[in-house]
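First the structure, in the form of structure tokens, and then the observations on it.
In what follows, chains are A, B, ... by sequence order, proteins preceding strands, each numbered from 1.
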Number of protein chains: 2
Amino acid sequence: MDYWDLFLYLLLWYISLPLQNLKKQKITIHDISKALKIDSSTVSRALNDSSRVSLKTKQKILDKAEELGYQRNILASNLRTNKTNTIGVIVPRISRSFFSSVISGIEDTAQNSGYNVIICQSFESFEREKKIMNTLLSNRVDGVLISISMQTTSFDYLKPYLDYGGPIVFYDRPCSFENCSSISVNDYKASYTVTEHLIQSGCKNIVHFAGPQIIDLYKNRKQGYVDAIINNGLEFKESYCFESKLAEEDGVAFAKKIISMENIDGVYSSNDTAAIGAMQYLKFMGVKIPEDIAVAGFNNDPISSVIEPGLTTINQPDFEMGKIAANMLIEQIKNETTNKESKVLDVELIIRNSSQKN
Amino acid sequence: MDYWDLFLYLLLWYISLPLQNLKKQKITIHDISKALKIDSSTVSRALNDSSRVSLKTKQKILDKAEELGYQRNILASNLRTNKTNTIGVIVPRISRSFFSSVISGIEDTAQNSGYNVIICQSFESFEREKKIMNTLLSNRVDGVLISISMQTTSFDYLKPYLDYGGPIVFYDRPCSFENCSSISVNDYKASYTVTEHLIQSGCKNIVHFAGPQIIDLYKNRKQGYVDAIINNGLEFKESYCFESKLAEEDGVAFAKKIISMENIDGVYSSNDTAAIGAMQYLKFMGVKIPEDIAVAGFNNDPISSVIEPGLTTINQPDFEMGKIAANMLIEQIKNETTNKESKVLDVELIIRNSSQKN
DNA sequence: CCCAATAATCCAATCGATTGGATTATTGGG
DNA sequence: CCCAATAATCCAATCGATTGGATTATTGGG
């Protein structure tokens with residue numbers, strides 16, 4: 001008989017094994033409700049500090065919640081209130097220092113306003129961007145901040161989210177779509193300034209590394225370059241413009257072309273990454289910077305101050321842009337309105353040795 | 001009478017105004033259910049491709065869902081199934097290139113396995129880390145990947161999440177806590193290798209920029225340095241070890257000290273950031289690298305190949321680490337088990353000019 | 001001590017999807 | 001054509017928190 005007992009005991013133990021690995025049941029308001037014999041609605045109100053609950057009861061409930069280790073189930077709360085207190089951020093790549101600063105700004109503001117942030121990388125892929133937008137909609141984020149990918153030309157994929165009533169704010173790469181707000185820097189003016197700076201430094205034949213022209217941002221940067229060239233009495237040549245995605249390899253490839261062109265004495269790249277690729281190759285080939293060829297970039301990546309010579313570039317208020325973008329979005333979420341608004345921030349020309357011929 | 005009609009019309013229009021800004025009601029399975037006179041449970045099963053629904057009905061439901069623009073409400077689904085298909089990632093800073101590569105690896109694996117990723121930055125703050133962990137628990141993420149902050153010494157704040165049954169995997173900065181898995185590189189061995197390389201290159205008095213010694217990772221790196229020094233017949237001096245958070249400014253500050261020490265001929269920094277800060281200052285002061293002082297770092301930041309001379313450093317399999325970490329976590333989520341496992345990856349010494357005296 | 005006014009608490013429905021079990025419809029062998 | 005076996009569909013409860021309205025308890029003036 002003792003053996004039988006032992007057997008039963010072992011059997012029960014064996015059966016219970018898989019259960020030990022299951023997620024423990026979390027404490028809910030109903031547990032508190034039962035423990036105190038107080039209706040769960042009152043518990044809910046107490047936990048939300050409602051004035052409909054007496055101080056005495058509130059304290060009892062809070063104490064019990066603490067004691068049981070209660071943790072509000074946000075999923076249930078969100079479902080009921082139809083809010084998630086979460087904003088989605090779509091970013092081309094977080095590894096670009098510009099974007100990671102913007103994100104820090106966004107997080108800063110969001111946290112102060114009680115919002116969570118979901119960061120998603122599109123890796124400059126349109127397909128990925130569409131998928132992300134879908135996920136964000138499914139997750140019912142309260143708003144979306146987006147910097148579109150270099151491939152994005154159609155914006156229909158944003159429709160479902162807008163129809164749902166979620167606000168969207170474009171940052172860095174603005175685009176005129178429906179009544180969405182946007183925040184960016186004055187790319188045209190910045191570009192004009194850098195180009196003029198190169199000209200004043202003595203450049204006569206300046207090539208331009210342009211980004212994808214389907215993106216307004218890069219179109220504006222190119223236009224700034226074009227106008228500065230023309231307004232300063234130089235001749236604009238389309239053959240001096242190289243379009244690419246501005247990766248480091250693109251810069252290297254363009255540098256090769258430039259060397260074969262022989263008369264080039266200046267480079268203005270739409271970002272630092274490509275500028276640095278070009279500089280590395282030019283230096284490797286014995287071209288003197290800035291004496292033979294002056295170089296300027298855009299973004300003020302940390303790397304631009306480390307390379308030799310230091311790279312002249314444009315510094316953008318990245319952190320601030322993130323803060324403002326988040327503020328604009330949260331404003332719209334709270335007001336449940338969508339009054340279009342386009343903010344444009346000013347930038348700063350950082351002059352280093354790469355551009356100073358004299 | 002016509003005026004009255006007009007008045008009524010305007011009144012109705014005015015009343016409806018605020019409604020226009022409200023979020024539109026989304027289509028639910030019940031809308032599909034009503035439209036087709038099919039029970040919502042069948043609709044749900046059809047949308048989940050259950051075998052309990054006939055092909056014909058399934059098609060009808062899918063068509064109607066498409067037609068109405070149905071979008072599954074993930075919140076409701078998650079609440080019911082007690083799963084979120086989301087993993088949380090806590091990272092000190094996304095702007096560090098090492099971490100952004102790890103994240104890319106994590107996202108890659110996660111996406112392939114159907115998981116969403118929430119990225120949260122602790123900015124090396126313990127307080128922030130605790131808050132984030134709380135948010136992740138409240139949001140009931142299915143698992144957490146964490147690289148602890150430089151301030152983290154106590155791990156009690158992880159308890160509630162572990163009690164809840166959520167798995168945690170440490171990456172990059174492992175720590176022996178309960179039965180949590182971890183993945184990291186062989187910091188000790190890497191450190192030993194770099195240090196020995198500096199010695200073989202002719203360095204006799206090598207200082208070490210150490211990270212916070214409360215973090216195992218930095219302890220291991222220091223130990224590798226110490227042992228390499230001793231095993232190669234040099235004298236270890238505690239005064240040659242400078243502890244800091246390894247920011248660029250720290251590197252600059254240490255460089256100042258080094259110059260005043262006069263006999264130093266080598267620097268091994270626990271990260272590239274501080275190494276580069278030091279290099280910049282040393283170069284500025286006219287110290288020749290590597291002839292006067294050889295320098296080596298850790299991480300292989302992009303910047304390390306751009307600075308002159310190129311910085312000798314350790315390349316870690318960052319992207320791979322992210323992939324493996326995510327895989328380990330997802331494995332645990334699926335199996336609902338937590339068998340502790342510590343993976344250690346190997347690294348690669350990248351020799352550039354900053355360390356080659358001869 | 002009574003009763004109206006106010007405060008505190010409870011009831012019951014709801015958010016949208018999922019799921020075990022019950023019921024109804026269909027199939028096919030005899 | 002009948003009926004057992006199987007397929008397809010429906011019923012009803014559930015996940016956990018919230019909320020408008022109903023009910024009960026308390027307060028305080030007379």
Non-neighbouring partners of N112(A) that pass side chain to side chain donor-acceptor pair (under 3.5 Å), sequence neighbours left out: none
Value in whole Å for how far the P atom of dC10(D) lies from NZ of K34(B): 15 Å
Parallel, tilted or perpendicular: ring planes of Y157(B) versus F155(B), cut at 30 and 60 degrees: parallel
Distance, rounded to the nearest Å, where R80(A) contributes CZ and dT14(D) contributes C1': 16 Å
Options dT9(C), dT18(D), dG16(C), nucleotide nearest the side-chain atoms of I29(A): dT18(D)
Touch class at under 4.0 angstrom, heavy-atom based, for I74(A) against every strand present: nothing
Heavy atoms of other groups near K58(B) NZ, more than 12 under 6.0 Å: yes
Spacing of N139(A) atom CG relative to dG16(C) atom C1', expressed in whole Å: 14 Å
Minimum-distance nucleotide to I38(B) side chain [options: dT18(D), dA17(C), dC10(D)]: dC10(D)
For S54(B), side-chain contact (heavy atoms from CB on, under 4.5 Å) partners two or more places apart: K56(B), T57(B)
Gap between atoms CG and P, on D49(A) and dA8(C) respectively (whole Å): 13 Å
K83(B) and D142(B) ion-paired at < 4.0 Å: no
Of residues 53-71 of chain B, the positions that come close to DNA chain D - non-hydrogen atoms, cut-off under 4.0 Å: V53(B), S54(B), T57(B)
Separation of dG16(D) C1' from D39(A) CG (nearest whole Å): 14 Å
Pairing string, 5' to 3', for DNA chain C - Watson-Crick or wobble contacts under 3.5 Å, brackets [ ] where pairs cross, | to another strand: ||||||||||||||||||||||||||||||
Quick one: which protein N/O atoms are closer than 3.5 Å to N/O atoms of nucleotides 21-26 of chain D? Pair and distance per line, please.
residue, atom, partner, partner atom, Å
dG21(D), O6, R52(A), NH2, 2.0

Partner residues of S41(A) under the side chain to side chain donor-acceptor pair (under 3.5 Å) criterion, sequence neighbours left out: D39(A)
Side-chain N or O of T81(A) closer than 4.0 Å to phosphate OP1/OP2 of dT18(D): no
Sugar-phosphate, base or nothing in reach of S77(B), heavy atoms under 4.0 Å: sugar-phosphate
Rounded distance (Å) that lies between atom C1' of dG16(C) and atom CG of L75(A): 13 Å
Whole angstrom value for the distance that separates C1' of dC10(D) from CG of L36(B): 15 Å
dC11(C) base / S41(A) side chain donor-acceptor hit below 3.5 Å: yes
Touch class at under 4.0 angstrom, heavy-atom based, for N78(B) against every strand present: nothing
Value in whole Å for how far the P atom of dC11(C) lies from NE2 of H30(A): 13 Å
